[in-house]
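Down below is the structure, laid out as C-alpha cells.
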Amino acid sequence: IPESILFEKVKNIDLEENWHNIGYYPSIYGVDVRIAGEDLEKIEKLKDYIHANINEYIYEIGDQNLEEVLIKKLKKKNMTISCAESCTGGLIGHRLTQVPGGSEVFNGGMITYSNESKINQLGITLKNIEDFGAVSEQVALEMAENIKNKFGTSIGVSTTGIAGPGGGSKNKPVGLVYIGYCDDKSLKVKRFNFSSSRESNKIRTSQAVLNYVFKMIWFMKNRLLRTFISIPVPNSVKNVKQMLTSTCEDEKVVIRWVKHNNLHLTLHFLGFTSEDDIPMIEKEMINKSIIPRPKAPLHHNTFSPHEDAN
C-alpha cells in the first residue's frame, strides 16, 4: 500500500489528545509505521486501533522482515514452496534461504532466464511463448504450475518481466512484471507495473511474490470474504438516496448507486466477514434501520479479498 493511502487511512482515526507521534518510514520493501509516546497504555490502545483499520496490509507487528514471517507461516501450516524465476534471477530463493530453518519449507527453484531454459528445463509450451511472449500471464501461470509439480511442493510461484533499463516496448514497457501462483486449489497471476530501475524492479517483484504468498496463506486460514448487499429501492421514494447516504455515513458504510433504482452497500465497517455471518449482519442492519426491511430476501455478492485489484 502506498504511504499516501496508508496515511489517509490512519489519519481518520479519532485522536483528540496530542500525546502521540506517528511516523511513516517508506522503503522499497514497504512502509514502517512507528508510534511514539509516554503513555504505554494509550500507545497499546492506538496500536490496536490502527491494526484493526489496516489489518489487511500488515504482515508483521515487530521488526521481522517478510521472508522471516513467511517461513514461519509455512512451517506452521506444514507447507512447502518452490519458485521459477526469470526477471528476479534467483532473488526470491536467496531471500528465503537467508532465513534460518528455511530449508524446512523451501524445496528449491529454477532460474529460467532464457526462452530455451523455460521450454527445455521447465517445460513451458513453445506455443505460449510464441503466441503471448515470455512476459505474459499465460507463461507466468504455466511456470508456477510446472515448478510446483516438478518439486512436489504445496505452493509454486513464478516471475517473468522486463527489469530494464532496456527491452521494453509500447505494449510491454520496462517495469512490467507478471507473478504466478499455484497451490492445490488455486492458479492465479498478478500483473505489476514498476519503475525503470533494474535493481528496484527485482526487489519489488520479489517483495510482491512473498507478500502474495503470505496473503494467500492468510486467506486459506481465515476463508474470509468481503460482503456486498444490493437493495432494491422503489422509484416512488425520491429522497431515499439522500436519506440512506446520510444514515450509512454515520454507520461508516460505503454506499453507491449501481442502477437508477438499486443501491450497492459495501460493508467496510465490518472489514472482512465470513459468509456465515451475513444473515446476522443483515438482521442487525434492519433492526437498527440502517437498511429498510426488504419484501424479498436481499441479494448478496461475496469475493475473496485477494481476488481484488492490486
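- Identified under the ring pair (Phe, Tyr, Trp, His ring centres under 6.0 Å) test for residues 150-190, with sequence neighbours left out: Tyr181-Tyr212.
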Are Val69 and Phe214 close enough, and set up right, to give a side-chain contact (heavy atoms from CB on, under 4.5 Å), and what steps lead you there? CA-CA 8 Å; Val69 175; Phe214 173 82; 3.6 Å; yes
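- Counting heavy atoms from C-beta outward, Ile22 and Leu46 have side chains that approach closer than 4.5 Å.
- For the atom pair Thr125 OG1 and Glu142 CD, the distance stands at 4.0 Å (nearest 0.5 Å).
- Between the side chains of Ser82 and Thr153, a donor-acceptor pair is found at a separation under 3.5 Å.
- Using a 4.5 Å heavy-atom threshold, the side chains of Thr205 and Phe194 count as touching.
- Cluster membership for Ile129 and Ile162, using ILVMFWY side-chain heavy atoms within less than 4.5 angstrom, is not shared.
- Between the side chains of Glu85 and Ser158, no donor N or O sits under 3.5 Å from an acceptor N or O.
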side-chain contact (heavy atoms from CB on, under 4.5 Å), that's the test. Do Ile54 and Ile50 meet it? Break it down for me. CA-CA 6 Å; Ile54 60 172; Ile50 291 175; 3.7 Å; yes
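- When side chains are defined from C-beta on, Met143 counts as touching Lys118, because their heavy atoms get closer than 4.5 Å.
- Under the 3.5 Å distance criterion, the side-chain polar atoms of Thr80 are matched with a main-chain donor or acceptor of Ser154.
- Nearest heavy-atom pair across Gly93 and Cys83 is N-SG, 4.1 Å.
- No option in Gln207, Arg95, Gln98 other than Arg95 meets the side chain to side chain donor-acceptor pair (under 3.5 Å) test with Glu67.
- Hydrophobic clustering (side-chain heavy atoms under 4.5 Å, transitive across Ile, Leu, Val, Met, Phe, Trp, Tyr) groups Met110 together with Leu126.
- Checked for salt-bridge contact, Glu44 and Lys47 meet the test: a charged N lies under 4.0 Å from a carboxylate O.
- Taken together through direct or relayed side-chain contacts under 4.5 Å among Ile, Leu, Val, Met, Phe, Trp and Tyr, Leu6 and Ile35 form part of one hydrophobic cluster.
- Residues Phe106 and Gly109 come closest through the heavy atom pair CZ-N, 4.1 Å.
- With a 6.0 Å radius and a threshold of 12 heavy atoms from other residues, nucleotides or ligands, Gln64 has its CD atom above the threshold.
- Val33 places a side-chain heavy atom less than 4.5 Å from the side chain of Tyr24.
- The shortest heavy-atom contact between Lys172 and Gly133 is NZ-CA, 3.9 Å.
- One hydrophobic cluster, built from ILVMFWY side chains closer than 4.5 Å, cannot hold both Ile147 and Leu141; they sit in different ones.
- No side-chain heavy atom of Asn201 sits under 4.5 Å from any side-chain heavy atom of Cys87.
- Here the closest non-hydrogen pair linking Val105 and Ile71 is CG2-CD1, 3.4 Å.
- Residue Lys75 places its NZ atom among more than 12 non-hydrogen atoms of other residues, nucleotides or ligands, all under 6.0 Å distant.
- Between the CG atom of Leu91 and the CD atom of Glu199 there is a distance of 9.5 Å, given to the nearest 0.5 Å.
- Residues Lys148 and Ile155 form no side-chain contact, since every pair of their non-hydrogen atoms from C-beta on lies 4.5 Å or further apart.
- The backbone N or O of Lys188 sits nowhere less than 3.5 Å from a side-chain atom of Ser186 that would complete a donor-acceptor pair.
- Here Ile203 contributes atom CD1 and Tyr29 contributes atom OH; the two are 4.0 Å apart, rounded to the nearest 0.5 Å.
- The two residues Arg34 and Tyr25 come nearest to each other via the heavy atoms CD-CE1, 3.6 Å.
- Under the 4.5 Å side-chain heavy-atom criterion for Ile, Leu, Val, Met, Phe, Trp and Tyr, Val157 and Val99 are members of the same hydrophobic cluster.
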Show your reasoning for whether side-chain contact (heavy atoms from CB on, under 4.5 Å) applies to Arg191 and Glu137. CA-CA 8 Å; Arg191 172 179 172 149; Glu137 62 179 58; over 6 Å; no
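- The shortest distance between side-chain heavy atoms of Ile179 and Val189 does not fall below 4.5 Å.
- Contact annotation: the side chain of Val177 never approaches that of Thr160 to less than 4.5 Å [non-hydrogen atoms, C-beta and beyond].
- Ile111 CD1 to Ser117 OG: the interatomic distance, rounded to the nearest 0.5 Å, is 9.5 Å.
- Between the side chain of Thr97 and the main chain of His94, a donor-acceptor pair closer than 3.5 Å is present.
- Checked by atom type and distance alone, the side chain of Asn128 never pairs as donor or acceptor with a backbone atom of Val139 at under 3.5 Å.
- With a 6.0 Å cutoff to the six-membered ring centre and a 45° limit on the axis angle, Arg204 does not count as a cation-pi contact of Phe192.
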Does the side-chain contact (heavy atoms from CB on, under 4.5 Å) test come out yes or no for Gln121 and Glu116, once each step is laid out? CA-CA 8 Å; Gln121 303 301 318; Glu116 290 75 15; over 6 Å; no
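- When all heavy atoms are compared, the tightest approach of Val174 to Gly164 is CG1-CA, 3.5 Å.
- There is no side-chain donor-acceptor pair under 3.5 Å between Ser86 and Thr159.
- Asn146 contributes atom CG, which lies 9.0 Å from atom SG of Cys182 (distance to the nearest 0.5 angstrom).
- Here the NZ atom belonging to Lys45 is positioned 10.5 Å from the CG atom belonging to Asp39, to the nearest 0.5 angstrom.
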